[in-house]
There are 2 protein chains.
Amino acid sequence: MKWLDIAEVARRTGLPPSTLRFYEAKGLITSVGRHGLRRMFGPDVLERLALVTLGRSAGFALDDLAGLFKSGGKPRIDREQLAAKADELDRTIRRLAAVREGLRHASTCPAPSHLECPRFQRLLRVATANQVRHPTKASPRRKTPPRQ
Amino acid sequence: MKWLDIAEVARRTGLPPSTLRFYEAKGLITSVGRHGLRRMFGPDVLERLALVTLGRSAGFALDDLAGLFKSGGKPRIDREQLAAKADELDRTIRRLAAVREGLRHASTCPAPSHLECPRFQRLLRVATANQVRHPTKASPRRKTPPRQ
DNA sequence: GCTTGACCTCAAGTGGACTTGAATTCGTAG
DNA sequence: CTACGAATTCAAGTCCACTTGAGGTCAAGC
């Protein structure tokens, strides 16, 4: 049998079943049918979920992604949109790299206050410029975390 | 007069006044006093806000930051914690860089489906590994954005 | 001295992304 | 054939980071 049940998909992707059901309701994935009540997924759902994960890390909202998938079979994902997203991501990366350097420096800098350190000053300026909202914090993934 | 009123701070940081009041309530910033009802901020609040912005982009939650500031004057921000954060950020950056390459490639790739392209396949694998939760989407900053 | 408009407070609302819980239905092992 | 555990639905709840709105205050300009 090449069908995967929800637990199997959860196991292979690390996403909790609740999330998979949620994604299905949002139109991000589809099940091929049911075995009794139970959803059965085709193996391609794994690829699709990887794509969702990818899109999310690139900053797409779930609704954006659902849109891309719905229209995306034929009308092709807008190349300009992709390029724009890549550029935006590039700016984000540069900023994060600066932040990373600042953190590393701060973790070893002997200055009494980071605020007095010229390196840190520069970091602050970089971090403040073209900020991107990177909402909440990273959280424990895998197996139904207690909260959030 | 070296005091800044909330509008001035808002102007200089790009953060809406509501956010500044919110941050004050959270203990992320403090006003030096009032002029009548109005908060007056010292110029150092700008630096502090830059630090908050920085922390947020590094993935700290507001509460974490408030914690750092509270205890942070003396006990020194934990160096190990900073280093760990830097490492985490580094992984995030690598992943994002891979995603960026994938997006760029996808925006020019003539393949009928990105999924058939080996480059894209690789990207999917990279993006799927060590995922970090990067919640909602980037949003327009500056001057009281309509939503979110 | 009165108006005006920026600022104030406090409670409630919003949006995104999920999670949780109660009540129910099955497939399968014994 | 029955009991059990895993899946199901659907509504409601949670978290975070803010925003909005109603109702009130006050400093400054005319």
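Naming: A, B, ... by sequence-line order, numbering from 1 per chain.
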Separation of Glu47(B) CD from Leu54(B) CG (nearest 0.5 Å): 11.5 Å
query: Can you tell me how far CD1 of Ile93(A) sits from CG of Leu96(B), rounded to the nearest 0.5 angstrom?
result: 5.0 Å
Provide, to the nearest angstrom, the distance between the [atom1] atom belonging to [X] and the [atom2] atom belonging to [N].
X: Asp63(A); N: dG16(C); atom1: CG; atom2: P; answer: 7 Å
X: Asp5(A); N: dG5(D); atom1: CG; atom2: P; answer: 17 Å
X: Ile6(A); N: dT8(D); atom1: CD1; atom2: P; answer: 5 Å
X: Met40(A); N: dG27(C); atom1: CE; atom2: P; answer: 12 Å
X: Leu20(B); N: dT9(C); atom1: CG; atom2: P; answer: 13 Å
X: Arg34(A); N: dT25(C); atom1: CZ; atom2: C1'; answer: 12 Å
X: Leu15(A); N: dA17(C); atom1: CG; atom2: P; answer: 14 Å
X: Arg21(A); N: dA7(D); atom1: CZ; atom2: C1'; answer: 6 Å

Protein-nucleotides 26-29 of chain D N/O pairs closer than 3.5 Å?
none

Salt bridge [X]-[Y], side-chain N to carboxylate O under 4.0 Å:
X: Asp44(A); Y: Arg48(A); value: no
X: Asp5(B); Y: Arg38(B); value: no
X: Asp87(B); Y: Arg104(A); value: yes

field: Contacting residues from residues 22-31 of chain A, given that a heavy atom lies under 4.0 angstrom of DNA chain C
entry: Phe22(A), Tyr23(A)
- prompt: Quick one: is dA6(D) close enough that its OP1 or OP2 comes under 4.0 Å of any side-chain N or O from Arg39(A)?
  reply: no
field: Contact under 4.0 Å: Arg56(B) side-chain N or O vs dC16(D) OP1/OP2
entry: no
query: What's the shortest heavy-atom distance between Trp3(A) and Pro43(A), and which atoms?
result: CZ3-CD, 4.1 Å
query: Nearest heavy-atom pair of Ser107(B) and Ala83(A): which atoms, and what distance?
result: CB-N, 3.9 Å
message: Tell me which one of Leu51(A), Leu46(A), Val45(A) satisfies side chain to side chain contact (heavy atoms under 4.5 Å, CB included) with Ile29(A).
response: Val45(A)
- line: Of the candidates dC8(C), dT19(D), dA17(C), the side chain of Thr19(B) sits closest to dT19(D)
- line: In Glu24(A), Arg21(A), Arg39(A), the residue satisfying side-chain hydrogen bond (donor to acceptor under 3.5 Å, both in side chains) with Ser31(A) is Glu24(A)
